[in-house]
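Structure, as structure tokens:
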Amino acid sequence: MTDVYLNWFTRDEHFPFFIQYGGHEEDTFDHSHVDFSELVIVLNGHATHIVNNEESFIKKGNVFVINGSTSHAYKEPQDFKICNIMYKPEMLESAGPDLRTLNGFQALFILEPFYRNITTYKSKLNLSISSLEYVTSLISFMVGEYEAKLPGHQTLLASRFMELVVYLSRHYDNGETGLDSGLIHLANAVSYIEDHYLEPIALEDVAAKSNISIRHLNRIFKAYYQTTPIAYLQRLRLERACMLLKQTHLSVTDISYACGFNDSNYLARQFKKTYGMSPQAYRKNR
């Protein structure tokens, strides 16, 4: 297996983004991405996709994301044409917070790539003909901008990339996928937590939003994320507390309420347990 780096495709350190058409006429070598993620849209034909030595059939209209150390390759391509969009994961982290509340975003860009890397996972987004036509036109515009490199092209490309991410996430929500039900329920749960983590949330609320029992919610969270819904919620709140400690002069008590904790003592205990120091010490050190 070969390790592939983003600087093989672009040397622009200020805009770590690359887009191209890929026309594969022969089998490709097994490789993994060291420092970037790859969004793949199959524009024509079909092939066998090998991911971590597991084979699946991919065809026109399929969309999937490959992350990090996941090894993959293509074999037996037939009239096979794809679009590769390579990007640093931080590009998605800089998007508006409402993006993370989309079930389809959680499934397509977060959960699927994660699960694909640890076990056999063959489900993927499957665009309808009309949806693929729109995506194809958007890709054509982006490729043209990337190749022309006119003034302002980076801002325009970042904007159109986000438009594409939202469009694909919405279509994932609308059911254009062969996704297994467990991941659908999990995406519902994660997006609900991301949207309401600053508010009081009970497991009953998350389970009801996901249309499953609390027991099943805990089971699928453990299977996909290796953690519990409560631990995931806690992490979001603590990360928010870290940000407020660094960027504001709010008291620890005010921060605890702003982050969904009922009292500052509980925040302090959880903070110490997670980061090895008190909120006051964290603020002083930062």
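- For the pair Ile82/Ile41, no side-chain contact is recorded, criterion being any heavy-atom separation below 4.5 Å from C-beta on.
- Residues Ile255 and Thr253 have side chains not in contact (no heavy-atom distance under 4.5 Å, counting atoms from C-beta outward).
- A side chain to side chain contact (heavy atoms under 4.5 Å, CB included) with Tyr172 holds for exactly one of Leu108, Val63, Asn126; it is Leu108.
- Between Val42 and Phe80, the closest side-chain pair of non-hydrogen atoms falls below 4.5 Å.
- With a 6.0 Å cutoff to the six-membered ring centre and a 45° limit on the axis angle, Arg269 does not count as a cation-pi contact of Tyr266.
- A donor and an acceptor atom, one from each side chain of Asn67 and Glu38, are nowhere located under 3.5 Å apart.
- Cation-pi geometry between Lys88 and Phe17 is not met: the NZ or CZ atom fails to fall both under 6.0 Å from the ring centre and inside 45° of the normal.
- Taking the side chain as every heavy atom from C-beta outward, His46 and Ile58 never approach each other to under 4.5 Å.
- For the 3.5 Å distance criterion, the side chains of Tyr192 and Gln106 fail to qualify, holding no donor opposite an acceptor.
- Classified by interplanar angle (parallel below 30°, tilted 30° to 60°, perpendicular above 60°), the ring pair His171/Tyr167 is tilted.
- In this structure, Lys272 fails the cation-pi test against Tyr275, since its NZ or CZ atom is not both closer than 6.0 Å to the six-membered ring centre and inside 45 degrees of the ring normal.
- Remark: Lys75 engages Glu55 in a salt bridge, criterion side-chain N to carboxylate O under 4.0 Å.
- Remark: Arg160 qualifies as a cation-pi partner of Phe141 under the 6.0 Å distance and 45° angle criteria applied to the six-membered ring.
- Residues Ser32 and Asp3 bring a donor and an acceptor atom of their side chains to less than 3.5 Å of each other.
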